[in-house]
Each structure stands twice: as C-alpha cells, then as structure tokens.
Amino acid sequence: MDLIEESHRRLNPLTNEWVLVSPHRTQRPWQGAVETVPEIARPRYDPNCYLCPGNARAGGVRNPQYSSTFIFENDFAALKKDAPNFRTDLQKKGLIVAEGESGICRVMCFSPRHDLTLSSLELPAIEEVVRTWTSQFAELAQMPGISHVQIFENRGEMMGASNPHPHCQIWATSSVPQVPARELGTQQSYFQTHGSCLLCDYTKLEESEKSRIVTSNEGFVVLVPFWAVWPFEVLVCSRRHLGTLPELSNGEVSQLAAILNRIVSAYDRVFEAPFPYSMGFHQAPTNGNYPEWHFHGHFYPPLLRSATVRKFMVGFEMLGTPQRDITPELAAEKLRTLVTN
Ligand code: H2U
Ligand code: ZN
C-alpha cells in the first residue's frame with residue numbers, strides 16, 4: 001500500500017466516514033506561505049467588548065468585574081429550557097419528522113483580559129479554564145432532561161467567532177447530538193467486538209507508529225488522526241480511559257491545560273498569525289452509563305496554505321466525500337517542528 005504517492009481513502013472509525021486523500025497533488029512537502037498579516041494589537045480592556053468585565057451586553061445586562069473565568073446564559077440562546085417535548089412523524093413514513101429539543105446555552109469567558117488567548121494565557125489561568133469547564137459539565141450533566149454537554153470554542157472571524165475576547169460556548173441538550181451519538185455507537189461496537197476501548201487502542205497504535213504524533217505529556221496525546229479531514233486537524237486523547245472532565249485528576253487538569261496551550265501556540269506558528277479553529281471536547285453522554293466512552297478533544301482549523309487561504313468543503317466534498325491533499329503524516333511532521341514548550 002502506498003499512502004504517500006497514490007490516491008486512496010481512509011476510514012474514520014469514530015464516525016464510520018471516509019476521507020479521500022490525494023497526496024500526489026502536493027508535489028513539494030510544504031507549500032505553506034508565511035504572508036505578513038497585519039498584527040492587530042488588542043487592548044487589555046476594550047470598552048466596546050460585550051465580554052469585558054463591567055461592560056453591558058445585548059439586552060443591557062452588565063458583566064460583573066470578574067477576575068478569572070466568567071459564565072453567563074447566552075443572550076441569544078439557540079435552545080430554551082422549557083421547549084415542549086414531542087415527536088411528529090407525518091403519515092409515519094419517516095419523511096417529515098420533528099422532535100422537541102430543549103437545552104441550555106452558556107457563554108464562558110476564559111479571562112478578564114481581552115487580549116489573551118489559549119496560546120498566551122499563563123498556565124494557572126488555563127488550569128482555571130479547565131476547572132470551570134469541569135464544574136459546568138458537572139452542574140449541567142445532573143440537570144433533569146439533559147443528555148449531553150458540548151463545550152466548544154470558535155476562534156477567529158473565519159470560524160464565526162463574534163469577538164476576539166477569549167471565550168467558548170457550552171450547549172447542554174435534551175438529545176445526544178449526532179456526532180457524539182455516532183461516536184458512541186462506534187465505541188460501543190468496538191468494545192463489543194474487541195473487548196477493549198477504541199481510542200485506548202488507537203492512541204497506543206499511533207504511539208508505536210509515531211508518524212502522526214504531534215506532542216504528548218503524562219496525561220494526554222495529541223495527534224493528527226489517520227482519517228483527518230481538515231489540513232491541520234488534531235485529536236487530543238487522554239492516556240487514561242475516562243469519559244468526562246470531572247474524572248480528571250489534579251495532575252491531568254494541569255496536563256490538559258499545558259497541552260492545549262502547546263497546541264494553540266504551535267498552530268499560531270504555522271503561518272505566524274493567530275490560527276482560527278473550532279475545537280471542542282467529546283465527553284460521555286450524561287443520560288446513562290457509558291463505560292466505552294473515551295474522553296477526547298477535536299481541533300478543526302480551516303487554514304490550508306496561508307493565513308488567509310482556507311479549505312472549503314465544496315463540490316465533491318459536499319456531494320461525495322471530504323478530500324485532502326497534504327497527508328496527515330506531513331501535517332503532523334510540520335506541527336511537530338512548531339511545538340516548542
Ligand atoms: P461566538 O463568538 O462563538 O459566536 O460566541 C459568542 C456568543 O455570545 C454568541 O452565541 C452570544 C452570542 O449569541 N452573545 C451574548 O450572549 N450576549 C451579547 O451581548 C452578545 C453575544
Ligand atoms: Zn473583551
């Protein structure tokens with residue numbers, strides 16, 4: 001098998017989806033261009049930012065003078081707590097189907113500082129971010145009617161982030177969203193077939209292969225998955241088999257904070273500019289007991305060749321299968337050289 005020169009497709013065992021890889025289209029190993037993007041100097045405090053301490057948000061609520069992390073209910077929440085629970089299936093043919101979906105949407109500021117990000121915050125501040133994610137997860141998970149808690153960060157205008165102030169969102173939903181639902185099915189059937197955990201086995205396999213590993217520490221391994229769709233996509237896996245943030249030890253909280261800082265710092269060096277992405281953690285659903293689930297995080301950055309040239313999922317990718325040129329192995333090699341701390 002020639003995975004370096006010949007076109008082929010790779011399977012994502014977490015979602016059972018394929019990605020088409022066309023390595024022959026990248027003649028040279030690294031076609032990235034470092035273009036000068038004007039550096040935007042951000043103030044520590046922006047009087048016009050709706051996330052900065054003391055400022056007013058939409059609707060007029062004023063943020064407190066917070067000094068570490070800060071959580072509020074999204075003023076434009078996509079989900080409502082009291083949405084009715086129903087299921088409709090017109091003519092019972094599965095053609096027009098709808099279900100009620102209720103939930104809670106929160107926004108979480110990482111820091112009172114407007115100008116910092118996961119790559120520039122100090123480690124103790126990032127540890128505080130991890131601890132806040134943990135307590136938010138625990139609080140939302142035990143609420144009646146909540147089946148899943150999704151923590152995610154959109155970074156950069158390119159990924160739709162509305163504001164550079166470091167923040168993420170937390171959506172707790174009455175159903176398990178479709179991507180984690182698919183990942184649950186694959187992890188359960190892997191466990192039934194092999195008697196072991198899909199991501200425990202996968203992480204071990206990648207550590208022996210080495211070519212797709214980006215970095216690791218005592219608690220976590222970061223790699224470009226064999227089936228990555230986005231050019232610089234990475235998967236963050238806990239070494240220990242655990243399902244949710246509250247199961248992390250104090251040591252693992254620090255190790256997760258350190259590895260997040262390391263990934264985002266390396267990302268920012270790819271094109272010498274702040275790297276946009278959507279990232280988030282996949283934790284076990286909260287509506288039952290799922291021992292097969294393995295805690296992990298996904299980073300999906302859209303950039304391809306420069307700080308402004310992004311990958312679009314169009315054409316064949318929309319109608320057929322996602323496709324990539326630069327191999328996951330080359331992306332991992334590039335990212336490895338940019339990990340410094
Ligand atoms: P994003 O940057 O990932 O879009 O997250 C910001 C969220 O903040 C967004 O969902 C909410 C938006 O609805 N928001 C408020 O809750 N209050 C505001 O005053 C402005 C934006
Ligand atoms: Zn701000």
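- In the hydrophobic clustering (ILVMFWY side chains linked at under 4.5 Å, chained through shared members), Phe312 is joined by Val314.
- Chaining together hydrophobic side chains whose heavy atoms lie under 4.5 Å apart places Tyr50 alongside Leu51, Tyr66, Phe70, Phe72, Val107.
- In terms of the salt bridge (Lys or Arg N to Asp or Glu O under 4.0 Å) criterion, Arg324 has no residue partners (sequence neighbours excluded).
- The pair Lys311-Glu233 fails the salt-bridge criterion, with no side-chain N (NZ, NE, NH1 or NH2) lying under 4.0 Å from an Asp/Glu carboxylate O.
- A donor and an acceptor atom, one from each side chain of His294 and Ser238, are located under 3.5 Å apart.
- Classification of the His296-His298 ring pair by plane angle, with boundaries at 30° and 60°, yields perpendicular.
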Derivation and outcome, salt bridge (charged side-chain N to carboxylate O under 4.0 Å, His left out), residues Arg113 and Asp115: CA-CA 6 Å; Arg113 286 278 299 267; Asp115 55 335; 2.8 Å; yes

Go through Asn261 and Leu118 one step at a time and tell me if the side-chain contact (heavy atoms from CB on, under 4.5 Å) criterion holds. CA-CA 5 Å; Asn261 173 259; Leu118 284 180; 5.9 Å; no

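- Remark: the Thr244 side chain and the Glu247 side chain contain an N/O donor-acceptor pair separated by less than 3.5 Å.
- With Tyr267 as the fixed residue, the ring pair (Phe, Tyr, Trp, His ring centres under 6.0 Å) test singles out one of Phe275, Trp230, Tyr300: Phe275.
- Not a single side-chain hydrogen bond (donor to acceptor under 3.5 Å, both in side chains) links Glu6 to another residue, sequence neighbours left out.
- Side-chain contact check for Tyr290 and Gln188: no donor-acceptor pair (N or O, by modelled atom type) lies under 3.5 Å.
- Separating the CD atom in Gln255 from the OG atom in Ser216 is a distance of 10.5 Å, to the nearest 0.5 Å.
- Among residue pairs with one or both ends in residues 42-60, those qualifying as salt bridge (Lys or Arg N to Asp or Glu O under 4.0 Å) are Arg57-Asp75; sequence neighbours excluded.
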Show every donor-acceptor pair shorter than 3.5 Å between a side-chain atom in residues 122-129 and any protein atom, with sequence neighbours excluded, or say none if there are none.
unit_1 : atom_1 : unit_2 : atom_2 : d
Glu127 : OE2    : Ser254 : OG     : 3.3
Glu128 : OE1    : Arg131 : NE     : 3.3
Glu128 : OE1    : Arg131 : NH2    : 3.4

